[in-house]
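Since the structure comes first, as structure tokens, the remarks are kept for the end.
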Amino acid sequence: MKLSGLPVKTNKNVRQFESKNATLLQKAGFIDQTMAGVYAFLPLGWRVLTKIEQIVREEMDRIGVEVFMPAIVPTKLWETTGRLETVDVLMKAVPANASAALKNDAEYVLSSTHEEVVTPLVMKFNRSYRDFPFAVYQIQTKFRSEPRAKSGLLRCREFRMKDLYSFHVSEADLKKYYEIVKKAYLEVFRRLGLGDDTVVVLASGGDFTKDYSHEFQTRCDTGEDTVFRVPSSEVAFNREVAPAKAPPVTYRDTDMLPRKDVEGKGIIGVDELARFLKIPVEKTTKTLIFKADDGQIIVAAVRGGYDVSEVKLAKAAGVKSLRLTDPETVKQITGAQTGYAGILNLPDTVRVFIDESVGNRRNFETGANRTDFHSTNVNFGRDLPEPGRFYDIKVARPGDLFPDTGEPYEVFQACEVGNIFPLNTKFSTAFGYLFTDESGSTHPVYMGSYGIGTSRVMGVIVEKFSDDRGLVWPRAVAPFAAHLITLKGAEKRGAQVYRELTDSGIEILWDDREESAGVKFSDADLLGIPYRLVVSPKTGELVEIKLRTSSASELLSLGAVIKTIKADKE
RNA sequence: CGGGGUAUAGCGCAGUUGGUAGCGCGCAUCGUUCGGGACGAUGAGGUCGCCAGUUCGAGUCUGGCUACCCCGACCA
């Protein structure tokens, strides 16, 4: 392809965004922002995305069959599963004006995922145990009304995703296939050049399952997830579910001191409180009061500096969901206004969950359950009974220990590039998808769903591989294998080299513009194509070849250049 | 959803106490350059986000809205 033919130019002066991918991809003319979280893919960007998706397609074709489902679907399907009301990023398409409404006043869901489409689809055809297992996948545009789109391609409202759905007669068969998908995904990320930095992470199963789901997380400082990896094993957790043991407190109190109730009006929040009481934060206790979906009141306490994990707390309490209670309920339960809740003198009617980080401390602080007052030098066994058991209901933080082995976690930021879910029978039950077994009786179908965010992967690759001069594409996803620059005085030779390279099957981008050498070189760096070839009056019958990742170039014959580039293919 | 910032030429930005709008890049024409974002000359290009208001007069002041960017997500 000739660069002069591209209807897109690089832009020397684009705005600096926080994320490299947003800045560089726009500077190099790979994408263009239409609105927050919505981008047009320009010729070079589209080629990259297509390459990423082709790799995904090749690996998915080994374990499933490609289909293409609609993006706008009837709201009824989402009513059937109850998710029309619960998925908080779901968007609708509605008539834009009165005359459109007059002709067709229907509302449609803009799909954010396709369980609601694929389940009724495949149940039309597959009802016998003989039809199972099977899996279908698609690569498609998805819509999610993110409250805050950000970081270029990493968090979009409209984005590209590969979604695979599998169907099974038993949970055991689903689990077997689930492991096959896991392997296929790791192969995808290896081929995309992300293999060394992508780990399988245990995450919350959400509504679908009590078990963990699995996320594929790529190390990336711009990523929004925090991964807690156990150094001595392959186990890693998303922060939201990482089991955590707090490190021992660092202050040393040996004797119990007399308990004091200290007036501290308006002192709310552990940092302010610790300063006010002149005690370390780790001596304070944070107490939160929740109401479960079934109405029961749940009091949760963690050591100061920690946050309560609603996911862990809900699991420990055996409830579906939790919400912080309103100030009036707080007052009823603690007898104090919001801000002074503690674990002393709580009524028997509430369930109390005390995190293990609260234990093993002498003379700690807790809210006095009395407006304006905080209790200090509190001790279990004296001021309140030793709890029957301590829980793990805190959000893990760096420095925490993996409870099973006691070793500190390795903690890093990462970006979720893939996610696999055992759906079990949630959707088959909602849609009444039953299969008939050998004996003629019917059972719900077991399902799994598996996603890879292909446009997000493109952003992650930029975050990881770019440098201060521009993009650096791994060979497998680069828009072209080589970038040919012809300098003034070598136009004829350049055209000949271009033709021969093209004929040899190498994907080549030819900068045939009448620009200065400097512009061409810096654009070549910016576009980040793996090989740079230069033909100039100086190179004669030879061609200069240089890797984007290296500063050393060499002069080779055209034949040797072709050989070198071809030999490097994956 | 809460907080902060921004909105002026295709892009990035400046614009003083309110007085009729500017720079750089890019674009067009000509000339000189040509292995690391070259230079000179000339030129085109703007309802200053939208709606109200104050004023003789608003890019500038006031109110409202919208969009974009950043930070934070009920933390007792």
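Convention: sequence-line order gives letters A, B, ...; per-chain numbering from 1.
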(Q) Using Watson-Crick or G-U wobble geometry with both distances under 3.5 Å, which nucleotide pairs with B/G26? (A) none

Q. When you compare B/C13 with B/G72, how far apart are their P atoms, in angstrom units rounded to a whole number?
A. 22 Å

Q: Taking all non-hydrogen atoms of both residues into account, name the closest pair between A/Arg469 and A/Arg548 and its distance.
A: NH2-NH1, 3.5 Å

Q) Is the count of non-hydrogen atoms from other residues, nucleotides or ligands lying under 6.0 Å from A/Asp32 atom CG greater than 12? A) yes

Q.
Taking any heavy-atom pair under 4.0 Å as a contact, classify A/Ile485: base, sugar-phosphate, or nothing.
A. nothing

(Q) I need a per-nucleotide contact map over nucleotides 22-39 of chain B, read 5' to 3'. Cutoff is protein heavy atoms under 4.0 Å; write B for the base, S for backbone only, - otherwise. (A) --BS--------BBBBS-

Q) Does A/Lys331 NZ have over 12 foreign heavy atoms under 6.0 Å away? A) no

Q) When we call it a touch if two heavy atoms are under 4.0 Å apart, what does A/Thr23 touch: a base, just sugar-phosphate, or nothing? A) nothing

Q) With a non-hydrogen cut-off below 4.0 angstrom, is A/Val270 in contact with a base, only sugar-phosphate, or nothing? A) sugar-phosphate

Q.
Using atom C1' in both nucleotides, what's the gap between B/G45 and B/C11 to the nearest angstrom?
A. 13 Å

**Q.** Whichever of A/Met35 and A/Leu288 has its nearest RNA chain B nucleotide further upstream toward 5'
**A.** A/Met35

Q: Grab the CD-C1' distance between A/Gln16 and B/G12 for me, whole Å please.
A: 11 Å

Q: Sort out the partner of B/U66 for me: Watson-Crick or G-U wobble, both distances under 3.5 Å, none otherwise.
A: B/A7

Identify the pairs formed between an N or O of the protein and an N or O of nucleotides 71-74 of chain B at a distance under 3.5 Å, and give each distance.
unit_1	atom_1	unit_2	atom_2	d
B/C71	OP2	A/Arg148	NH2	2.1
B/G72	N7	A/Arg148	NH1	3.4

(Q) Is it true that, when you exclude A/Arg323 itself, more than 12 heavy atoms of the residues, nucleotides or ligands shown sit nearer than 6.0 Å to its CZ? (A) no

Q: Write down the distance separating the P atoms in B/C27 and B/U20, rounded off to the nearest Å.
A: 32 Å

(Q) Counting the atoms with a prime plus P, OP1 and OP2 as sugar-phosphate, which does A/Tyr306 contact under 4.0 Å by heavy atoms, base, sugar-phosphate, or nothing? (A) nothing

Q.
Angle between ring planes, A/Phe390 versus A/Phe380, binned at 30° and 60°: parallel, tilted or perpendicular?
A. perpendicular

Q. With both distances kept under 3.5 Å, what pairs with B/U47, Watson-Crick or G-U wobble?
A. none

Q: Decide yes or no for A/Lys245 and A/Glu356: does some side-chain heavy atom of the first lie under 4.5 Å from some side-chain heavy atom of the second?
A: yes

(Q) Using Watson-Crick or G-U wobble geometry with both distances under 3.5 Å, which nucleotide pairs with B/C74? (A) none

Q: Rounded to whole angstrom, note down the C1' distance from B/A9 over to B/A28.
A: 15 Å

Q. Quick check: does any side chain N or O of A/Arg144 sit under 3.5 Å from a backbone N or O of A/Ser112, one acting as donor and the other as acceptor?
A. yes

(Q) Say we look at B/C69 and B/G31: how far apart would their P atoms be, to the nearest angstrom? (A) 44 Å

**Q.** Base partner of B/G19, which must satisfy Watson-Crick or wobble distances under 3.5 Å
**A.** B/C56

Q) For the residue pair A/Phe228 and A/Tyr409, does the interplanar ring angle fall in the parallel (under 30°), tilted (30 to 60°) or perpendicular (over 60°) class? A) perpendicular

Q.
Quick check on A/Asp221: does its CG atom have over 12 non-hydrogen neighbours (other residues, nucleotides or ligands) under 6.0 Å away?
A. no

Q. In whole Å, what is the span from the OH atom of A/Tyr39 to the C1' atom of B/C68?
A. 10 Å

Q. Which whole number of Å gives the distance between the P atom of B/C65 and that of B/G22?
A. 34 Å

Q | C1' spacing across the pair B/G18 / B/C48, given as an integer number of angstrom | A | 15 Å

**Q.** Counterpart base for B/A38, defined by Watson-Crick or G-U wobble contacts under 3.5 Å
**A.** B/U32

Q | Pairwise P distance, B/C74 and B/G26 [rounded to whole Å] | A | 48 Å

For residues 286-296 of chain A, which side-chain N or O atoms pair as donor and acceptor with protein atoms under 3.5 Å away, sequence neighbours left out?
unit_1	atom_1	unit_2	atom_2	d
A/Lys286	NZ	A/Tyr306	O	3.2
A/Lys286	NZ	A/Asp307	OD1	3.0
A/Asp293	OD1	A/Lys320	N	3.2
A/Asp293	OD1	A/Ser321	N	3.2
A/Asp294	OD1	A/Gln296	N	3.2
A/Asp294	OD2	A/Gln296	NE2	2.9
A/Gln296	OE1	A/Arg351	NH1	2.9

Q) Can you tell me if A/Thr250 and A/Glu282 form a side-chain donor-acceptor pair at under 3.5 Å? A) yes

